[in-house]
Undergrad: 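Before anything else, here's the structure in question.
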Amino acid sequence: MAASSESILDHIPLFAKELLAGGLAGGFAKTVVAPLERLKILFQTRRTEFRSAGLSGSVRRIAKTEGLLGFYRGNGASVARIIPYAGLHFMSYEEYRRLIMQAFPNVWKGPTLDLMAGSLSGGTAVLFTYPLDLIRTKLAYQVNYISAQKSNQFSSMTLVVFCDLQIVSPTKLNVSGMVNNEQVYRGIRDCLSKTYKEGGIRGLYRGVAPTLFGIFPYAGLKFYFYEEMKRRVPEDYKKSIMAKLTCGSVAGLLGQTFTYPLEVVRRQMQVQNLAASEEAELKGTMRSMVLIAQKQGWKTLFSGLSINYIKVGKS
């Protein structure tokens, strides 16, 4: 049995092994930080129940009303996105690099080439896997529980959910005890199906523009910060894996900080049809960013950013 397993592995191409290993590692990492990711989405989308509760208050609220699995709502879609995203990013990067070199043979084969190929491959991966990111946000935005109500008071709350596979009750109760018959998505397939029926292909790509707009500045800033920090590392430590990991993590975090408002715009666009709001519809990336800053305050554009810093501290 062991011999046959080894022979099968020997016939698997190296890139496929790397893709599988990267996908498994990415799925594990996503699951580890899933509770923080869900809290970040709730802050970014200004969910009423969590708007002023703060980090610790939000943790207690989820634990009380949804239980442990509530922290992992939407994680299934996030994990399902890892392997196709990584695969497309990896394969299209090499292809774009080759095409750029063919089209512009005199191009400087250095950071500029890597930046262009990386940004284009990132955009390609986003376009093919974006619906799963949308589904992940919609599922994470939902707060589902069943409550027996006596004399307009909560008598008990019981979460009925199994990850992203099925959500039982279509009825949701808000913090004041009033019944709110919002549509409930019963997992990934149900959310995909209903989103497509509501808006077609455009519905599945609602909010994709801020993501694409953020790819080039994020890639550029991340590369710039990484090179600047690496240049300041003492010569004796330049080849250290820990030094490279630290520079890469901090560079990624700094790059994300500058492009973070685009992520907030994307999240709010993704859940706008779920949120009961009388505010103007978010259309256009820059117009939406200005509208959010005017109506909700500029600090909203950085809601949940502190959670990113916590994630880096835990990694």
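Just so you know, these numbers come straight off a predicted model, no measurement behind them. Throughout, residue positions are numbered sequentially from 1 according to the sequence presented.
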Undergrad: Evaluate side-chain contact (heavy atoms from CB on, under 4.5 Å) for Ser58 paired with Leu42, printing each intermediate quantity in order.
TA: CA-CA 9 Å; Ser58 297; Leu42 291 170; over 6 Å; no

Undergrad: Once you round to the nearest 0.5 Å, how far does CD of Glu95 lie from CD1 of Ile100?
TA: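 Here the rounded value is 10.5 Å.
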
Undergrad: With Tyr218, which residues qualify under ring pair (Phe, Tyr, Trp, His ring centres under 6.0 Å), at least two apart?
TA: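 Checked Tyr218 against ring pair (Phe, Tyr, Trp, His ring centres under 6.0 Å); zero matches.
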
Undergrad: For residues Val290 and Phe213: do they belong to one hydrophobic cluster (side chain heavy atoms under 4.5 Å, members Ile, Leu, Val, Met, Phe, Trp, Tyr)?
TA: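 As far as the 4.5 Å side-chain criterion goes, Phe213 and Val290 are not connected within one cluster.
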
Undergrad: With a 3.5 Å distance limit and no angle check, can you tell me whether Arg136 reaches the backbone of Gly76 through a side-chain donor-acceptor pair?
TA: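 Between the backbone of Gly76 and the side chain of Arg136 there is no qualifying donor-acceptor contact (under 3.5 Å).
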
Undergrad: Could you tell me the separation between the OG atom of Ser92 and the CG atom of Leu99, rounded to the nearest 0.5 Å?
TA: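 The OG atom of Ser92 sits 10.5 Å away from the CG atom of Leu99.
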
Undergrad: Judged by modelled atom types alone, do Gln44 and Glu263 share a side-chain donor-acceptor pair under 3.5 Å?
TA: yes

Undergrad: Taking side chain as C-beta onward, heavy atoms only, is Arg206 less than 4.5 Å from Gln272?
TA: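 Sidechains of Gln272 and Arg206: in contact.
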
Undergrad: Heavy atoms, side chains only, cut-off 4.5 Å: are Ile292 and Val265 in contact?
TA: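 Yes; the side chains approach each other to less than 4.5 Å.
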
Undergrad: Determine whether the side chains of Asn75 and Lys30 contain a donor N or O and an acceptor N or O closer than 3.5 Å.
TA: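 On atom types as modelled, these side chains do not qualify, holding no pair under 3.5 Å.
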
Undergrad: What about Tyr72 and Leu36, same hydrophobic cluster or not, with Ile/Leu/Val/Met/Phe/Trp/Tyr joined at side-chain heavy-atom distances under 4.5 Å?
TA: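 Yes, Tyr72 connects to Leu36 through the hydrophobic network.
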
Undergrad: Between the side chain of Thr259 and the main-chain N/O of Gly214, is any donor-acceptor distance below 3.5 Å?
TA: no

Undergrad: Charged N to carboxylate O under 4.0 angstrom, Lys138 versus Asp190?
TA: no

Undergrad: State, to 0.1 Å, how close Leu204 and Leu134 come at their nearest heavy-atom pair, and which atoms those are.
TA: O-CD2, 3.5 Å

Undergrad: Answer yes if the side chains of Ser119 and Tyr96 hold a donor-acceptor pair under 3.5 Å, and no otherwise.
TA: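 No, no side-chain donor-acceptor contact under 3.5 Å.
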
Undergrad: Just wondering, more than 12 heavy atoms not from Phe258 lying within 6.0 Å of its CZ?
TA: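 Incorrect, the count does not exceed 12.
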
Undergrad: May I ask you to check whether over 12 heavy atoms, not counting those of Phe302, lie within 6.0 Å of atom CZ?
TA: yes

Undergrad: Could you measure the distance from the OG atom of Ser288 to the CZ atom of Arg266? Nearest 0.5 Å is fine.
TA: 13.5 Å

Undergrad: Would you say the side chains of Thr137 and Arg267 form a donor-acceptor pair under 3.5 Å?
TA: yes

Undergrad: Kindly indicate, with the supporting measurements, whether the criterion salt bridge (Lys or Arg N to Asp or Glu O under 4.0 Å) is fulfilled by Glu228 and Arg232.
TA: CA-CA 7 Å; Glu228 281 296 307; Arg232 287 170 169 74; 2.7 Å; yes

Undergrad: Can you name the closest pair of heavy atoms from Thr211 and Gly207 and give their distance?
TA: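 Closest pair (atom of Thr211, atom of Gly207, distance): OG1-O, 3.6 Å.
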
Undergrad: Looking at Lys194 and Glu198, is any side-chain nitrogen of the basic one under 4.0 Å from a carboxylate oxygen of the acidic one?
TA: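 Not counted as a salt bridge, because no side-chain N and carboxylate O are separated by less than 4.0 Å.
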
Undergrad: Are Leu88 and Ile82 connected into the same hydrophobic cluster when the rule is that any two of I, L, V, M, F, W, Y join if their side-chain heavy atoms are below 4.5 Å apart?
TA: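 The answer is no; the residues belong to distinct hydrophobic clusters.
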
Undergrad: What's the separation between atom CD1 in Ile215 and atom OG in Ser121, rounded to the nearest 0.5 Å?
TA: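 If we round to the nearest 0.5 Å, Ile215:CD1 and Ser121:OG are 8.5 Å apart.
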
Undergrad: If every non-hydrogen atom of Ala125 is compared with every non-hydrogen atom of Thr129, which pair is closest and at what distance?
TA: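 Smallest heavy-atom distance, with atoms named: O-OG1, 2.7 Å.
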
Undergrad: Consider only side-chain N and O atoms of Gln270 and Asp133, and report whether a donor and an acceptor are under 3.5 Å apart.
TA: yes

Undergrad: Show your working on side-chain contact (heavy atoms from CB on, under 4.5 Å) between Phe43 and Leu305 and close with a plain yes or no.
TA: CA-CA 9 Å; Phe43 289 157; Leu305 179 60; over 6 Å; no

Undergrad: Got a salt bridge between Arg97 and Glu94, using NZ or NE/NH1/NH2 to carboxylate O under 4.0 Å?
TA: no

Undergrad: For Phe71, look at atom CZ and say whether over 12 heavy atoms of other residues, nucleotides or ligands are found less than 6.0 Å away.
TA: yes

Undergrad: What's the shortest heavy-atom distance between Val233 and Ala243, and which atoms?
TA: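 That would be CG1-CB, 4.4 Å.
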
Undergrad: Would you mind listing the cluster partners of Leu245? Hydrophobic ones only (ILVMFWY), side-chain contacts under 4.5 Å, chaining allowed.
TA: Ile241

Undergrad: According to a hydrophobic-cluster definition based on side-chain heavy atoms being under 4.5 Å apart (Ile, Leu, Val, Met, Phe, Trp, Tyr only), do Tyr130 and Leu212 belong together?
TA: yes

Undergrad: So, do Tyr93 and His89 have ring centers that fall under 6.0 Å from each other?
TA: no

Undergrad: Please find the pair of heavy atoms, one from Cys191 and one from Ile135, that lie closest to each other, and give the distance.
TA: SG-CD1, 3.4 Å

Undergrad: Please evaluate residues Leu253 and Val250 with respect to the criterion side-chain contact (heavy atoms from CB on, under 4.5 Å), reporting the C-alpha separation (whole Å), side-chain torsions for both, the decisive distance (0.1 Å), and the verdict.
TA: CA-CA 5 Å; Leu253 193 59; Val250 176; 5.6 Å; no

Undergrad: Compare all side-chain heavy atoms of Met289 with those of Leu262 and state whether any distance is below 4.5 angstrom.
TA: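 Heavy-atom side-chain distance check passes, below 4.5 Å.
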
Undergrad: Without swapping roles, check the side chain of Ser193 against the backbone of Arg189 for a donor-acceptor pair under 3.5 Å.
TA: no

Undergrad: If I take atom CD1 from residue Ile41 and atom CD1 from residue Ile307, how far apart are they, to the nearest 0.5 angstrom?
TA: 10.0 Å

Undergrad: Examine Ile310 and Leu39 and state if one hydrophobic cluster contains both, with Ile, Leu, Val, Met, Phe, Trp and Tyr joined whenever side-chain heavy atoms are less than 4.5 Å apart.
TA: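 Yes, it is one cluster - the side chains of Ile310 and Leu39 are joined through contacts under 4.5 Å.
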
Undergrad: In terms of heavy-atom contacts, does OH of Tyr205 have more than 12 from other residues, nucleotides or ligands at under 6.0 Å?
TA: yes

Undergrad: Are Pro210 and Met269 side-chain neighbours, meaning at least one heavy-atom pair lies under 4.5 Å?
TA: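 Pro210 reaches Met269 side chain to side chain.
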
Undergrad: Got a donor-acceptor contact below 3.5 angstrom from the Arg73 side chain to the Gln142 backbone?
TA: yes

Undergrad: Once rounded to the nearest 0.5 Å, what's the spacing between atom NZ of Lys244 and atom OH of Tyr237?
TA: 15.5 Å

Undergrad: Determine the minimum heavy-atom distance between Val79 and Gly27, stating which atoms define it.
TA: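 So the two residues come closest at CG2-O, 3.9 Å.
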
Undergrad: Are more than 12 heavy atoms, taken from residues, nucleotides or ligands other than Met229, located less than 6.0 Å from that residue's CE atom?
TA: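 Atom CE in Met229 is crowded, with more than 12 foreign heavy atoms closer than 6.0 Å.
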
Undergrad: When you measure from the side chain of Thr300 to the backbone of Gly297, do you find a donor-acceptor pair of N or O atoms at a distance under 3.5 Å?
TA: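 Yes, Thr300 side chain to Gly297 backbone: donor-acceptor pair under 3.5 Å.
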
Undergrad: Taking only residues at least two apart or on different chains, which pairs with a member in residues 21-42 satisfy ring-ring contact (aromatic ring centres under 6.0 Å, His included)?
TA: none

